[in-house]
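When a residue number appears, it is its place in the shown sequence, counting from 1.
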Amino acid sequence: AADYNLRLTANSNDQDEDYDGAVVFKNYVEAASNGAVSVELFIGTQLCSKGAECLQGVSDGSIDIYISTSGGAAGVFPYVQVLDLPYLMSDDRIAEDVMRSDFVRTVRKMALADSGNTIRLMTIGNTGGWRNFANTKRPIKEPSDMEGLKIRTVVADLPQVLVKALGAAPTPIPWPELFSSFQTGVVEGSKNGITDIMNMKFPDAGLQYVTLDGHAYMGALWWMNNDKFMSMPEGLRTVVADGFYQLQQATFASPKRKSIQAYADFVTGGGDLYVPTPAEKAAFKKAAAPVYDWFKSNVDGGEEVFNAFTAAVNKAEADVGGGRSKDIN
């Protein structure tokens, strides 16, 4: 029998990037610990079903590991919505560098302090690539094309502020109701990655237009009960931390592979993909700029985490840019 058993839950399914990461984590940790640590996977809603409920389970120790989106954790740790701030990261290389940086350690320290030292952020991976604007009405090439569109958001404030800044009407709709909401016109658009769009068959509900503006990286926050983690000897803590690194790499790669077929299926089914020009993308960023000041002023811990995030982005741009220059010259 293992000395430590870790109960890991993800409110998704076995087709999701979260599941891919969980399987890699389980395999690595069990092998590298020589059986001293076992990992049980609970995929779906067996242990909990909503962010606040699941994070409470992590805090009280009934759940050892839980993966949330930024929206799912925002009710407990509002500053994690920094991941939803638009147009701050330009591509995967920048985003992946940021998610391996001290920015994550800053958020870890903040979450530990705010949870009474019970909830530890282990890593930030990806769950679905990048958020893009998609809708049932027309191609979106510039901010003015958003005017008046009813865009589905989660209940959290930040995405609603963003949608308003771009001239559209934010409409909070539960995820399970989104398909029928497209059909009936309750909403006309959303902010999703292509794999979510195709997995949920949204084109069958009338979603025809996707603009690849890549306004936000779909970060996946992996949380762990801090007492459980710290109860392990240092060697096993290293194995678990390295396991989360392996998990992170798997979730970085999985959406890239899955999105290829998803984009192909979208276009084959008659969908319209639009790639904004650099000038058009700059116009979107300019229109969305008020969201940054709103975040720093209205979100607890917002300024601290914003500064940590933008510092990490700037360092990543310098490091990645320097590497690119060496590689092409």
Exercise. Does the pair E177 and V186 meet the rule for a side chain to side chain contact (heavy atoms under 4.5 Å, CB included), with working shown?
Worked result: CA-CA 10 Å; E177 298 174 17; V186 171; over 6 Å; no
Exercise. Do Q56 and D60 have side chains that get closer than 4.5 Å, going by heavy atoms?
Worked result: yes
For this session: Evaluate the side chain to side chain contact (heavy atoms under 4.5 Å, CB included) criterion for residues C48 and T9: first the C-alpha distance (whole Å), next the side-chain angles of each, then the deciding distance (0.1 Å), finally the verdict.
Result: CA-CA 8 Å; C48 60; T9 189; 4.0 Å; yes
Problem set entry | Nearest non-hydrogen partners of L121 and R108, listed with the distance | O-NE, 2.6 Å
Exercise. Between Q160 (side chain) and T171 (backbone), is there a donor-acceptor pair under 3.5 Å?
Worked result: no
For this session: Compare all side-chain heavy atoms of I65 with those of F244 and state whether any distance is below 4.5 angstrom.
Result: yes
For this session: Check for a donor-acceptor pair, side chain of T118 on one end and backbone N or O of S115 on the other, with a separation under 3.5 Å.
Result: yes
Exercise. Under a 4.5 Å cut-off applied to non-hydrogen side-chain atoms, are T136 and F202 in contact?
Worked result: no
Problem set entry | Test item: Y66 side-chain N/O and L221 main-chain N/O as donor-acceptor pair under 3.5 Å | no
Exercise. Given the rule that I, L, V, M, F, W and Y join up when any side-chain heavy atoms are under 4.5 Å apart, are V210 and I140 in one cluster?
Worked result: no
Problem set entry | W223-F77 aromatic ring centre distance below 6.0 Å | yes
Problem set entry | Value rounded to 0.5 Å, distance of OG1 in T211 from NZ in K141 | 9.0 Å
For this session: Treating Ile, Leu, Val, Met, Phe, Trp and Tyr as nodes and any side-chain heavy-atom pair under 4.5 angstrom as an edge, say whether F252 and V98 lie in one connected cluster.
Result: yes
For this session: Say whether, by atom type as modelled, one donor and one acceptor occur between the side chain of K150 and the main chain of G185 under 3.5 angstrom.
Result: yes
Seminar exercise, completed: Of all heavy-atom pairs linking G219 and I124, the shortest is CA-CG2, 4.2 Å
Problem set entry | Cluster link L178 to F133, ILVMFWY, side chain under 4.5 Å | no
Exercise. Is there a side-chain contact between K50 and C54 (heavy atoms, below 4.5 Å)?
Worked result: no
For this session: Using the side chain to side chain donor-acceptor pair (under 3.5 Å) rule, take Q15 and N199 through it: C-alpha gap first, then chi angles, then the decisive distance, then the call.
Result: CA-CA 9 Å; Q15 302 301 306; N199 287 343; over 6 Å; no
Exercise. With a distance cut-off below 6.0 Å to the six-membered ring centre and an angular limit of 45° from the axis, does R7 pair with F42 as a cation-pi contact?
Worked result: yes
For this session: Look at K256 together with E96 and state whether they make a salt bridge at an N to O cut-off of under 4.0 Å.
Result: yes
Exercise. Is there a donor-acceptor pair under 3.5 Å between the side chain of S297 and the backbone N or O of D293?
Worked result: yes
Exercise. Tell me, which pairs form a side chain to side chain donor-acceptor pair (under 3.5 Å) where one or both residues lie in residues 227-236, sequence neighbours left out?
Worked result: D64-K228
Problem set entry | Approximate separation, where rounding is to 0.5 Å, of L88 CG and L83 CG | 10.5 Å
For this session: May I ask you to say whether R93 pairs ionically with D319, meaning some side-chain N is under 4.0 Å from a carboxylate O?
Result: no
Exercise. How close do M224 and V58 get, heavy atom to heavy atom, and via which atoms?
Worked result: C-CG1, 3.5 Å
Problem set entry | From W130, Y274, Y87, residue fulfilling side chain to side chain donor-acceptor pair (under 3.5 Å) relative to D213 | Y87
Exercise. At their closest point, which heavy atom of S254 faces which heavy atom of D20, and how far apart are they?
Worked result: OG-OD2, 2.6 Å
Exercise. OG of S12 to CG of D18: how many Å apart, nearest 0.5 Å?
Worked result: 4.5 Å
Problem set entry | Beyond-backbone contact of M200 with W175, side-chain heavy atoms, under 4.5 angstrom | yes
Seminar exercise, completed: Looking only at heavy atoms, the pair that brings R131 and K191 closest together is NH1-O, 3.0 Å
Exercise. Can F295 and V161 be said to form a side chain to side chain contact (heavy atoms under 4.5 Å, CB included), step by step?
Worked result: CA-CA 9 Å; F295 180 83; V161 172; over 6 Å; no
Exercise. About how many Å separate CD1 of I173 and CZ of F179, when rounded to the nearest 0.5 Å?
Worked result: 14.5 Å
For this session: Could you tell me which non-hydrogen atom of V291 sits nearest to which non-hydrogen atom of L162, and how far apart they are?
Result: CG2-CA, 3.7 Å
For this session: Return yes if some donor-acceptor pair links the side-chain N/O of N132 with the main-chain N/O of G193 below 3.5 Å, else return no.
Result: no
For this session: Answer yes or no: is there an ion pair linking D91 with R324, defined by an N-O contact shorter than 4.0 Å?
Result: yes
Problem set entry | Qualifying residues under ring pair (Phe, Tyr, Trp, His ring centres under 6.0 Å), relative to Y28, sequence neighbours excluded | none
Problem set entry | Side-chain (N126) to main-chain (G128) donor-acceptor, under 3.5 angstrom | yes
For this session: Please test V82 against L85 for side chain to side chain contact (heavy atoms under 4.5 Å, CB included), starting from the C-alpha separation and ending with a verdict.
Result: CA-CA 5 Å; V82 71; L85 288 175; 3.8 Å; yes
Exercise. In the single-linkage hydrophobic clustering (I, L, V, M, F, W, Y; side-chain heavy atoms under 4.5 Å), do V154 and Y79 co-cluster?
Worked result: no
For this session: Report the distance from atom CD1 of I194 to atom CZ of F266, rounding to the nearest 0.5 Å.
Result: 5.5 Å
Exercise. OH of Y217 to CG of D84: how many Å apart, nearest 0.5 Å?
Worked result: 13.5 Å
Exercise. What's the verdict on side chain to side chain donor-acceptor pair (under 3.5 Å) for Q261 and D265, showing C-alpha distance, side-chain angles and the deciding distance?
Worked result: CA-CA 6 Å; Q261 190 62 49; D265 291 343; 2.8 Å; yes
Exercise. Is L112 close to R120 at the side-chain level, that is, under 4.5 Å between some pair of heavy atoms?
Worked result: yes
Problem set entry | Presence of salt bridge, K201 and D204, under 4.0 angstrom | no
Problem set entry | I67 with V23, same ILVMFWY side-chain cluster at under 4.5 Å | yes
Exercise. Is there a side-chain contact between M218 and T69, using heavy atoms and a 4.5 Å cut-off?
Worked result: no
For this session: Step through it carefully: locate the ring centre of H215, locate the ring centre of F284, and say whether they are under 6.0 Å apart.
Result: no
For this session: Flag the pair S38 / E30 as yes when at least one side-chain heavy-atom distance between them is below 4.5 Å, and no otherwise.
Result: yes
